[in-house]
Amino acid sequence: MKDLICPSILSADFARLGADVAAVLDAGADMIHFDVMDNHYVPNLTFGPMVCKSLRDYGITAPIDVHLMVQPVDRLIIDFASAGADYISFHGEASDDCEHSLRLIREQGCRSGLVFNPDVPVDALEQFIDYVDMVLLMSVVPGRAAQQFIPSVVDKIKQTRELLNCHTTSVRLEVDGGIKVENIAEIKAAGADTFVAGSAIFGSNDYRRTIAEMRERIDNANTT
Ligand code: DX5
Ligand code: ZN
């Protein structure tokens, strides 16, 4: 499975979002990570489906990875699917019926993701494994950009990778929060294949160089 570098637009320049997203894709990013916060599930408030649709209308064709930090989730699943999302992930505790929400994402033609906060064990994953296309492990408390990676998540990535290996090879393992050039190899070595990075990419003054350095560290990570 190809390793994907996914800049989070939470740290992009909102005043010129289309151009900034185009720039980061031109610099080598694989997928755009879209952090949706509702001032309810998390205190912060960001953007909704209209902004996703605007990026599509602007000409962005790369996959869009919608990370819902909202409650309830089902209405926004439908709205983001029609707005052009590819992946839609939600936090298990924010849905009344995870299996239903995961199925709904697929019925809408998107790939489904289940998110686990740093303090939530991944044990529940097994019961939903047949409905999941991606597992998203949070490596910071959701709600804000530019936080420190929580080191204990490394073991959780390993544990999740082992669990996935017992069942399937087609589910992505995404890690989100505090990823930068300096720690991306360790995250890859633990078993991740999809890497969200907001401030480390949009906060750098050379997107191309930062993404290239990340990819080099991923490619050279010790995965044996
Ligand atoms: C946190 C978001 C993350 C975050 C990543 O709630 O889900 O996607 O923006 O930002 P950095 O890479 O700056 O930690
Ligand atoms: Zn996110």
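Counting convention: from 1, in listed order, for ligands and their atoms alike. Note that the structure is predicted; figures quoted are calculated from it, not measured.
Of all N, O or S atoms in H67, the one lying closest to the Zn ion (ligand 2) is ND1.
Judged by distance alone, the side chains of D35 and T46 never bring a donor and an acceptor atom under 3.5 Å apart.
When only interatomic distances are considered, the shortest N/O to N/O separation between G143 and ligand 1 falls below 3.5 Å. Taking only nitrogen or oxygen atoms, main chain and side chain alike, D35 reaches within less than 3.5 Å of ligand 1. Considering both main-chain and side-chain atoms, G178 comes within under 3.5 Å of ligand 1 through a nitrogen or oxygen pair.
Taking every non-hydrogen atom of S8 and a distance limit under 4.0 Å, the qualifying atoms of ligand 1 come out as 8 (O), 9 (O). Distances below 4.0 Å separate heavy atoms of V196 from the following atoms of ligand 1: 8 (O). Proximity to G177 (heavy-atom distance under 4.0 Å) selects the following atoms of ligand 1: 14 (O). Counting atoms of ligand 1 from 1 in the listed order, those under 4.0 Å from a heavy atom of S199 are 11 (P), 12 (O), 13 (O). Remark: ligand 1 atoms within the under-4.0 Å shell around heavy atoms of H67 are 7 (O). Close contacts between ligand 1 and D176 involve ligand atoms 2 (C), 3 (C), 4 (C), 5 (C), 7 (O), 8 (O) [criterion: under 4.0 Å to a heavy atom]. Of all atoms in ligand 1, numbered sequentially from 1 with element shown, those under 4.0 Å from a heavy atom of P142 are 6 (O). Of all atoms in ligand 1, numbered sequentially from 1 with element shown, those under 4.0 Å from a heavy atom of A197 are 12 (O).
Residues Y87 and C110 form no side-chain contact, since every pair of their non-hydrogen atoms from C-beta on lies 4.5 Å or further apart. In this structure, the side chains of Q108 and I78 come closer than 4.5 Å at one or more pairs of heavy atoms.
Ranking protein heavy atoms by distance to atom 9 (O) of ligand 1, first place goes to L10 CD2, 3.0 Å. The closest protein non-hydrogen atom to atom 12 (O) of ligand 1 is G198 N, 2.7 Å.
Between H67 and F34, the distance from one ring center to the other does not fall under 6.0 angstrom.
Ion pair R208/D26 flagged as a salt bridge, since at least one NZ, NE, NH1 or NH2 atom sits closer than 4.0 Å to an Asp/Glu carboxylate oxygen.
The shortest separation from a heavy atom of A200 to ligand 1 is not under 4.0 Å, leaving the residue out of contact. Ligand 1 has R144 within reach: a non-hydrogen atom of the residue lies less than 4.0 Å from it.
The CZ atom of R111 sits 7.5 Å away from atom CG of D86, with the distance rounded to the nearest 0.5 Å.
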